[in-house]
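First comes the structure, then the notes that go with it.
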Amino acid sequence: MEKNFDFERAEREINARWLERETFKANNKSDKAPYTVIMPPPNITARLHIGHAFNATIEDAIIRFKRMQGFEALLLPGADHAAIATEVKVVEELRKQGIEKASLTREQFSVYIETWYQKYLGEICEQFKGLGLSADWSRFSFTMDDNNKAHVRRAFKKLYDEGYIYKGTRMVNWCPVCETALSDAEVEFEEMQRSLYEIKYGDLVVATTRPETMFGDTAVAVNPSDKRYAKLVGSFVEIPLTNKKIPIIADESVDIKFGTGALKITPAHDHNDNAVGIKHNLEAVCVIDQKGKMCGDAPIKYHGMTALEARKVVVADLKAAGLLVSVKPHSSNVGTCYRCHNLVEPQISSQWFMKMKELAQPAIDCLNKGLNLYPKKFEKIYLNWLNNIKDWCISRQLWSGHKIPVFECGECRKRFASEFERPICSCGGKCSQDNDVLDTWFSSALWPFSTLGARGNSDDFKKFYPTQTMATAYEIIFFWVIRMVFSGLYHTEKLPFENVVLHGLVRDSKGRKMSKSLGNGIDPMVIIKEFGADVLRFSLLSGTKLDRDPRYSTEKAILTRNFINKIWNASKFIEAYALGAEISDLKIDFAKLGAADKWILTQLKKVIKDTTARFEKFDIGVACDYLERFFWGDVCDVYLESAKVSADKKQTARILLFVLNNFLRLLHPIMPFATTTLYKEFFDIEDVAFEPFPNAEEIKGNFAKEARLFEGYIALIKYLRDAKKKDNALKTANVFSSDLIDGANIAIIEKLSAVKIELEKIAKPDAVVSEFKILLGVDETKKRAEIAKKIDELKFEIARSEKMLANPAFVSKAPAALIKAEQEKLARNESLLKSLIN
RNA sequence: GCGGGUUUAGCUCAGUUGGGAGAGCAUCUGCCUUACAAGCAGACGGUCAUAGGUUCGAGCCCUAUAGCCCGCACCA
């Protein structure tokens with residue numbers, strides 16, 4: 001073996017082989033039970049960031065684990081066209097080149113979009129491959145490929161024909177910069193400091209943060225029980241700076257205590273006002289256009305100004321006219337566009353909607369009846385959203401994305417949805433297609449089955465659908481997870497997956513989100529280049545539970561690099577050891593095991609059980625910690641050292657190989673490259689990926705007693721090491737309790753503690769460790785003090801045990817095993833105490 | 001306002017059905033002991049946020065309070 005693990009070469013060679021031989025191509029004709037994980041398609045707006053690497057690592061670990069458990073495993077990769085996000089990026093990019101979107105035709109713009117797709121599709125695949133994913137690249141899917149387009153049209157048509165999709169004119173969230181409607185989920189609220197203006201409307205004073213919208217006012221509302229204004233209800237006031245008269249109305253939604261208690265109603269530009277307007281049959285007067293500029297009934301002088309610009313001028317004009325009563329600072333949450341982060345402007349607009357109430361119900365009903373969320377804490381969030389669901393605005397006024405497949409016949413004017421790209425009307429007339437595109441999440445919602453091809457009838461669909469597990473960051477539970485659930489149920493009549501793993505967001509070492517503006521982001525590719533993919537994978541997963549946001553820093557990568565180095569060096573030792581003992585098989589003679597052997601096998605059984613349990617719960621981070629502690633602490637620090645003085649090196653060599661073999665298989669889902677390299681080196685099997693995951697049941701025998709005895713040795717070793725450190729002259733320790741120690745174990749204790757052990761029949765001890773009385777030859781005073789201390793400890797312990805056992809409530813209620821353990825402990829301590837006092 | 005999460009060693013975090021608090025890092029002290037100084041060994045370090053309650057027994061269960069985080073709603 002080489003001096004160090006050459007991760008660069010291992011990754012290059014192994015990856016090349018995997019890709020060339022399509023090692024992880026899933027077989028839809030296989031007899032094995034399927035296990036399918038469809039990867040969340042990253043937006044092709046940029047290169048992958050550490051969050052993608054985290055997500056992909058979790059999924060690859062899951063799918064490798066399941067593959068080793070004997071499933072026909074499919075990890076299906078893909079990418080999302082991300083209509084609005086990509087369009088924002090491309091517009092930005094074009095602007096840098098001096099090209100405005102408005103100067104292009106839709107066709108010209110599509111060319112730029114297409115170029116963008118091709119560039120990033122390639123990059124994203126390369127990055128994923130660099131992570132060592134055991135993905136099936138032959139099934140790579142892109143939301144804008146022909147297959148997905150066909151799925152989208154067909155799904156739309158079904159929903160349209162069955163009345164779940166309709167067109168309506170109503171108030172929507174409008175982004176004046178992206179110039180498109182947004183769904184409720186796409187609005188992010190930010191707390192902002194604004195001003196609350198109090199403005200005279202005739203005899204009334206209204207409070208508003210948006211004075212520029214007053215030209216769109218069609219009423220002033222007061223609370224019906226507000227005595228201050230009761231007699232004014234029904235009368236009219238003039239909108240300031242104009243002579244337009246609007247009525248004073250009474251509406252319960254007005255908060256008496258807020259502002260002046262009088263609320264101006266602008267049905268065209270505010271969600272609440274819109275609702276009031278509909279209730280009172282008020283006209284909606286538009287004064288802000290789709291670019292966010294003043295228009296319509298606003299006085300001409302303001303036309304063309306943005307709303308914010310107009311606000312300043314309007315306020316100045318009000319002040320000049322003596323109509324501005326006061327300006328108070330006011331903080332409030334305002335909606336912003338989740339893509340461009342500009343203020344959202346509510347607008348009345350004609351859009352396509354999906355009727356949600358009925359579709360949502362099955363998604364509510366299936367929770368914990370087929371659908372499991374990990375961790376469970378997201379169940380309430382999931383249900384809360386579904387129970388309060390509103391119709392989904394699915395149309396976007398963009399040029400990139402799936403065009404809405406609704407067509408209108410030029411002859412007979414019939415309007416219909418079609419699953420064909422260019423349908424012809426039943427009357428034979430030529431049709432024109434709706435100009436809008438779909439919300440990018442419409443196609444994402446179909447992802448678990450659209451990726452499996454052929455619109456639901458392929459062999460892939462039959463074999464791999466429904467899928468088993470979907471892992472994604474919890475932040476897109478509304479955008480995506482819920483929509484996949486109800487879409488899957490509606491379109492395929494099956495849940496698209498059994499398990500949803502909602503993992504956290506990767507943060508920096510201080511717990512902050514990684515962001516460009518903070519400059520605290522870590523590029524996964526930089527970590528791979530410097531430390532290797534195994535290091536990135538392990539360090540991303542380790543040290544955190546599933547339901548927490550993981551923290552990442554280069555320090556973690558360094559620690560993991562050290563761990564791999566440790567594994568490599570221990571392997572070198574084992575190789576040399578086995579060679580020296582002329583052993584290459586794993587045929588352990590279970591009839592001839594020493595205490596150390598039984599102990600390490602017990603530890604191995606435990607780590608197999610614990611690791612498997614964590615994998616099954618998708619809690620892989622904790623499994624990483626178990627594996628590291630087992631290998632570094634148990635195997636290297638203890639067993640490897642004891643092996644150096646083993647009395648039966650052939651047997652020990654077999655155990656070392658056996659432990660390494662199991663450990664490599666346990667670790668493989670997390671560190672594919674190092675484990676593949678070592679497994680090939682030691683066991684001549686090319687891909688540990690297809691070896692069975694270890695099973696604790698296969699290690700026969702119960703070694704609990706000897707294992708516990710060995711723990712006593714370890715305690716003794718620790719004590720001697722400490723004693724030696726305090727007194728460097730210490731060379732020999734006399735140990736009583738000779739019936740507990742045989743020659744082979746003495747060698748281990750001597751080797752590990754660097755203290756010579758003499759067995760004594762009757763020791764006059766000066767210290768007691770575990771069950772071992774020892775004589776280190778310290779002076780009488782110190783000896784008496786130590787023993788007196790130990791006697792006190794034992795008396796305390798005994799008193800405690802006696803008290804517990806004398807407690808009838810404890811004896812009657814505590815589990816039997818616990819009582820027995822307590823009794824044994826008491827007996828042990830009593831006998832030890834007796835021997836010390838005599 | 002409603003709901004959820006979280007609070008354990010200086011830091012990052014484990015702690016599986018309640019049965020004497022753990023790891024790694026950091027700090028300090030020894031070591032090049034022939035797999036590994038990217039290492040080995042040892043030590044130091046915790047009123048498990050606070051206050052009650054249930055229990056024979058609480059880090060774990062219940063109630064309240066506080067800090068931090070998140071979601072939803074309101075937001076004139």
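Throughout, protein chains are lettered first and strands after them, A, B, ... in sequence-line order, and every chain is numbered starting at 1.
The distance from atom NZ of A/Lys726 to atom C1' of B/G30 is 13 Å, rounded to the nearest whole Å. Regarding A/Asp547, its CG atom lies at a distance of 10 Å from the P atom of B/U7, rounded to whole Å.
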Would you mind building the protein contact string for nucleotides 18-26 of chain B? One character per nucleotide, 5' to 3', B for base within reach (heavy atoms under 4.0 Å), S for sugar-phosphate only, - for untouched.
-BB--S-S-
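By the 4.0 Å N-to-carboxylate-O rule, A/Glu793 lies close enough to A/Lys790 to be salt-bridged with it. Here A/Lys726 pairs with A/Asp722 in a salt bridge; the nearest charged N to carboxylate O distance falls below 4.0 Å. Taking a cutoff of 4.0 Å between a charged side-chain nitrogen and a carboxylate oxygen, A/Lys606 and A/Asp610 qualify as a salt bridge. Between A/Glu822 and A/Arg800 there is a salt bridge, with a side-chain nitrogen of the basic residue lying less than 4.0 Å from a carboxylate oxygen of the acidic one. Ion pair A/Asp226/A/Arg228 flagged as a salt bridge, since at least one NZ, NE, NH1 or NH2 atom sits closer than 4.0 Å to an Asp/Glu carboxylate oxygen. Between A/Arg210 and A/Glu345 a salt bridge is recorded (basic side-chain N to carboxylate O distance below 4.0 Å).
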Nucleotide-level pairing of RNA chain B, given in dot-bracket where Watson-Crick and G-U pairs need both distances under 3.5 Å and | marks other strands
(((((((..((((.....[..)))).(((((.......))))).....(((((..]....))))))))))))....
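Remark: the separation of the P atoms in B/U50 and B/A66 is 16 Å, to the nearest Å. B/C44 and B/G10: their P atoms are spaced 15 Å apart (whole Å).
For A/Tyr474 and A/His503, the distance between ring centers is not under 6.0 angstrom.
A sub-4.0 Å separation between OP1 or OP2 of B/G15 and a side-chain N or O of A/Lys545 is present.
Contacts of A/Gly543 with the nucleic acid, taken as non-hydrogen atoms under 4.0 Å apart, involve only primed sugar atoms and P, OP1 or OP2.
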